[in-house]
2 protein chains.
Amino acid sequence: MAAKARQQTENKAEADAGKTVKTQTTKVSRNPQRTHATILDAATEEFAAHGFGGARMDAIAARAQTNKRMLYHYFGDKEGLYLAVLEASYATIRNAEKQLDLARRHPEEGMRELALFTWRHFLAHPEFLSLLATENLHHAHYLQRSDKVSAMHSHLIDELADVLRRGEVLGIFRPAVDPISVYLTIAALGFFYLSNRHTLSTIFARKLTSPDALNDWGEHIVAVTLASIRA
Amino acid sequence: MAAKARQQTENKAEADAGKTVKTQTTKVSRNPQRTHATILDAATEEFAAHGFGGARMDAIAARAQTNKRMLYHYFGDKEGLYLAVLEASYATIRNAEKQLDLARRHPEEGMRELALFTWRHFLAHPEFLSLLATENLHHAHYLQRSDKVSAMHSHLIDELADVLRRGEVLGIFRPAVDPISVYLTIAALGFFYLSNRHTLSTIFARKLTSPDALNDWGEHIVAVTLASIRA
DNA sequence: CCAACTTGTAACCAAATAGTTATATCATGC
DNA sequence: GCATGATATAACTATTTGGTTACAAGTTGG
């Protein structure tokens with residue numbers, strides 16, 4: 001993962017203001033932020049790959065090229081680390097959503113954009129899907145007690161509601177379509193395909209992850225979504 | 001679970017042919033099939049609730065009201081037990097599918113029936129969904145090496161293809177619709193809603209599991225599926 | 001330039017965990 | 001009616017696991 005690569009490169013980029021610029025080459029140099037971030041990345045991989053119960057603190061420490069003491073130092077305990085991973089993953093998608101600007105688009109184009117955005121985000125962040133699956137296995141136990149995640153609510157539903165209303169006014173979308181149902185439909189089609197691709201391709205003996213297949217499914221999501229709301 | 005209830009009731013129903021009918025009331029009576037089945041039920045619960053890594057052999061033994069030695073006796077090791085659980089779960093759905101007879105139905109009715117069947121099966125077997133999620137976390141590692149599961153292939157796709165073809169002939173469905181895509185669409189809408197209901201209801205602050213909500217979503221699946229294939 | 005604090009390492013520990021062994025008891029074919 | 005194998009119990013073991021402690025070394029404010 002990227003964290004490992006940026007290891008011995010940038011070292012305190014702002015602390016050397018006027019001081020002796022001996023960016024020491026001793027093997028053990030400090031960088032709390034980097035260590036924190038590296039641990040978080042490693043933990044994300046480990047929890048996504050093995051679930052909460054299957055994840056090993058030792059393995060995370062090894063992945064992050066540090067030791068367990070640091071995990072407990074920065075994150076308290078296994079649950080605290082898991083929660084931090086979950087919150088960071090949600091923060092990533094909430095942040096990405098900001099790039100969307102559906103307000104000035106034709107409703108049909110807006111719907112297409114929203115569906116493809118969701119699909120592409122899932123594609124780019126498979127660890128997010130795995131974490132969601134894990135968290136749901138635990139009945140969202142950790143998510144519920146996260147004040148951070150509940151604080152960063154998505155504007156997606158509001159934007160979607162606006163697109164639907166404008167489509168309705170234009171007479172191209174059915175009236176009174178429920179935006180949450182539409183969002184769930186888009187998310188379901190993307191999530192299921194990617195999250196369950198391993199069992200599905202085993203059962204159906206079909207390759208689901210070739211670039212073409214992935215592209216086709218993105219278009220399928222758009223087509224199904226539009227068909228379901230068109231007047 | 002049901003296994004516990006049927007504990008001290010039926011005991012060797014055929015072995016008492018002419019022999020002394022002292023169906024002994026000693027606390028320790030034997031019944032290998034029941035023990036086997038009870039362990040499987042308990043393991044299904046445990047693996048579905050905690051995933052493979054989080055499941056505990058001791059907990060399964062306790063749930064089944066037996067001891068670890070029996071788990072290893074009947075299933076070899078943890079992986080063997082997990083695989084048996086997975087195979088039994090697939091056998092359940094394959095078995096249920098036999099009740100479907102879409103061939104003599106009007107295509108539109110057939111599609112409705114297929115979608116609702118899938119939805120109802122997911123509703124009735126939440127543990128199947130959890131196991132699927134867990135198995136996909138492990139990239140279908142265990143499913144791939146199961147000759148049992150690959151042997152019991154579903155006829156659902158064949159039946160679905162037939163329904164689609166008849167609908168096409170009648171001019172009500174679009175031509176050349178891919179049956180696997182249609183099945184994935186139906187499964188996705190059901191799976192995602194149920195599997196992710198905990199995080200979803202946390203994020204959207206909406207109750208998704210009331211009887212009405214569940215029924216509505218079933219109808220939503222039917223509506224979306226039909227809209228996506230109609231001519 | 002040094003006292004106070006932060007960041008890091010490695011060895012350690014108690015509890016938990018998958019798997020085993022010793023042994024007892026039931027069922028049944030002969 | 002009993003030898004034999006299958007079914008059951010509980011105590012045991014080697015290893016792993018989450019979490020801790022002792023201590024070393026880097027960093028920084030006064």
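Below, chain A is the first sequence line, B the second, and so on; all start at residue 1.
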- ring pair (Phe, Tyr, Trp, His ring centres under 6.0 Å) between A/Phe192 and B/Phe192, intermediate numbers included: CA-CA 6 Å; A/Phe192 178 78; B/Phe192 178 77; 9.5 Å; no
- Task: Report the end-to-end axis angle of the helix from C/dC1-D/dG30 to C/dC30-D/dG1; each axis comes from five terminal pairs, and the value is rounded to 10°.
- Result: 10°
- Between the side chains of A/Thr38 and A/Gln65, is a donor N or O closer than 3.5 angstrom to an acceptor N or O? no
- Message: Tell me the interatomic distance from A/Met70, atom CE, to D/dC23, atom C1', rounded to whole angstroms.
- Response: 12 Å
- Task: Would you kindly give the NE2-to-C1' distance between A/His73 and D/dT21, to the nearest whole Å?
- Result: 15 Å
- Atom CG of A/Leu71 and atom P of C/dG8 are separated, to the nearest Å, by 12 Å
- Task: Please identify each residue that fulfils side-chain hydrogen bond (donor to acceptor under 3.5 Å, both in side chains) with A/Asp147, with sequence neighbours left out.
- Result: none
Could you pull out all donor-acceptor pairs under 3.5 Å where a side-chain atom in residues 122-132 of chain A meets a protein atom, sequence neighbours excluded?
residue  : atom : partner  : partner atom : Å
A/His125 : ND1  : A/Glu127 : OE2          : 3.2

What donor-acceptor contacts under 3.5 angstrom involve side-chain atoms of residues 66-77 of chain B, with partners at least two apart or in another chain?
residue : atom : partner : partner atom : Å
B/Asn67 : OD1  : B/Arg69 : N            : 3.2
B/Asp77 : OD1  : B/Glu79 : N            : 3.4
B/Asp77 : OD1  : B/Gly80 : N            : 2.9

- When you check the side-chain N and O atoms of A/Asn136 and B/Ser195, is any donor under 3.5 Å from an acceptor? no
- C/dT17 P sits how many Å from B/Leu81 CG, rounded? 16 Å
- Message: Assess, by modelled atom type and distance only, whether the side chains of A/His220 and B/Thr185 contain a donor and an acceptor separated by less than 3.5 Å.
- Response: yes
- Query: Would B/Arg56 and B/Glu46 pass as an ion pair if we require N to O under 4.0 Å?
  - Reply: no
- Examine C/dG8: is either OP1 or OP2 under 4.0 Å from a nitrogen or oxygen in the side chain of A/Thr66? Give yes or no. no
- Task: Compare side-chain N and O positions of B/Thr35 against OP1 and OP2 of D/dA8 and report whether any pair is under 4.0 Å apart.
- Result: yes
- To the nearest Å, give me how far apart CZ (A/Phe75) and P (D/dG19) are. 14 Å
- Under 4.0 Å between a side-chain N or O of A/Tyr74 and OP1 or OP2 of C/dG8? yes
- With A/Glu219 via side-chain hydrogen bond (donor to acceptor under 3.5 Å, both in side chains) - residues at least two apart: A/Arg112
- Message: For nucleotides 10-18 of chain D, give me one character per nucleotide, 5' to 3': B if any protein heavy atom sits under 4.0 Å from the base, S if the only such contacts are to the sugar-phosphate, - if neither.
- Response: B------SB
